[in-house]
Amino acid sequence: MAIEEGDKIPAVMLDGTEGEAIALADKLGKPFVLYFYPKDDTSGCTREAQDFSALIPEFTALGAEVLGVSKDPPIKHQKFINKYDLTVPLATDTSGAAMEAFGVWVEKQLYGKRYMGIDRSTFLFDAEGKLFRAWRRVRVPGHAVDVLESIKEMQAH
């Protein structure tokens, strides 16, 4: 059962680029954006990470934290960050528990071939850790701005 709006943030762990454990349950107290993307250093994923990186000062000004997640290992994330001067933090879902909890590990199809992969999705949590908005099957152009606008909308309520 995938997370839905109004649900609490799942108590799952991720691995940061320095090998540190990141507990999603610790992300309470401020708005939190968690975005899942398929793979480091591919065109759509690079554009998405660059878009979020460009807006990090605005997310920070709103008191929000942003974290990108894929299955790529921390060392690959670090190379990706360095190659594109990314400022958005990235994490690895080594166990797959987060992808399962968020319902983003799905069957995909490319050139008639079926395979399992990450559905590009973003989740915005309020300061109490409740899911305010979910975007599934994200189209990258304009998405980071849309997420930023949703934080402003959330804070206006």
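Fair warning: this is a prediction, and the values are worked out from it, not measured in the lab. Residue numbers run from 1 in the order of the sequence given.
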Under the side chain to side chain donor-acceptor pair (under 3.5 Å) test, which residues partner K8, sequence neighbours left out?
none
More than 12 heavy atoms from other groups under 6.0 Å of NZ on K130:
no
May I have the list of side-chain donor-acceptor pairs in residues 55-65 shorter than 3.5 Å, sequence neighbours left out?
unit_1 : atom_1 : unit_2 : atom_2 : d
T60    : OG1    : I56    : O      : 2.9
E65    : OE2    : K27    : NZ     : 2.7

Roughly how far, to the nearest 0.5 Å, is CG of L131 from CD1 of I9?
9.0 Å
Can you name the side chain to side chain donor-acceptor pair (under 3.5 Å) partners of S150, sequence neighbours left out?
R133
Salt bridge (Lys or Arg N to Asp or Glu O under 4.0 Å) filter on E149, not counting sequence neighbours, yields K152
For salt bridge (charged side-chain N to carboxylate O under 4.0 Å, His left out), just list the numbers for R137 and D119, CA-CA rounded to whole Å, side-chain angles, deciding distance to a tenth of an Å, and then say yes or no.
CA-CA 6 Å; R137 290 179 177 66; D119 179 33; 3.7 Å; yes
Taking the side chain as C-beta and beyond, is there a heavy-atom pair between R120 and V140 under 4.5 Å?
yes
Please report the interatomic distance CD1(I118) to CE(M116), rounded to the nearest 0.5 Å.
10.5 Å
Residues D93 and W105: side-chain donor-acceptor under 3.5 angstrom
no
Qualifying residues under salt bridge (Lys or Arg N to Asp or Glu O under 4.0 Å), relative to D72, sequence neighbours excluded:
K76
With sequence neighbours excluded, residues passing salt bridge (Lys or Arg N to Asp or Glu O under 4.0 Å) with K39:
none
Applying side chain to side chain donor-acceptor pair (under 3.5 Å) to D40 and not counting sequence neighbours gives Y37, H77
Residue list, side-chain contact (heavy atoms from CB on, under 4.5 Å) with A127, at least two apart or on another chain
none
K79: salt bridge (Lys or Arg N to Asp or Glu O under 4.0 Å) partners, not counting sequence neighbours:
none
With sequence neighbours excluded, tell me which residues meet ring-ring contact (aromatic ring centres under 6.0 Å, His included) with F32.
none
Which Ile, Leu, Val, Met, Phe, Trp or Tyr residues join Y111 in one cluster when any pair of side-chain heavy atoms under 4.5 Å counts as a link?
L110, Y115
Does the side chain of W135 reach to within under 4.5 Å of the side chain of D146, using non-hydrogen atoms?
yes
Between atom CD1 of I151 and atom CG of L124, what is the distance when rounded to the nearest 0.5 Å?
5.5 Å
CZ-CZ distance between F36 and F102, expressed to the nearest 0.5 angstrom:
5.0 Å
Got a second to check how far T122's OG1 is from L34's CG, nearest 0.5 Å?
8.5 Å
Given 3.5 Å as the limit, does a donor-acceptor pair link the side chain of S70 with the main chain of P38, or not?
no
Output all residues satisfying side chain to side chain donor-acceptor pair (under 3.5 Å) with R139, sequence neighbours left out; order by chain, then residue number.
none
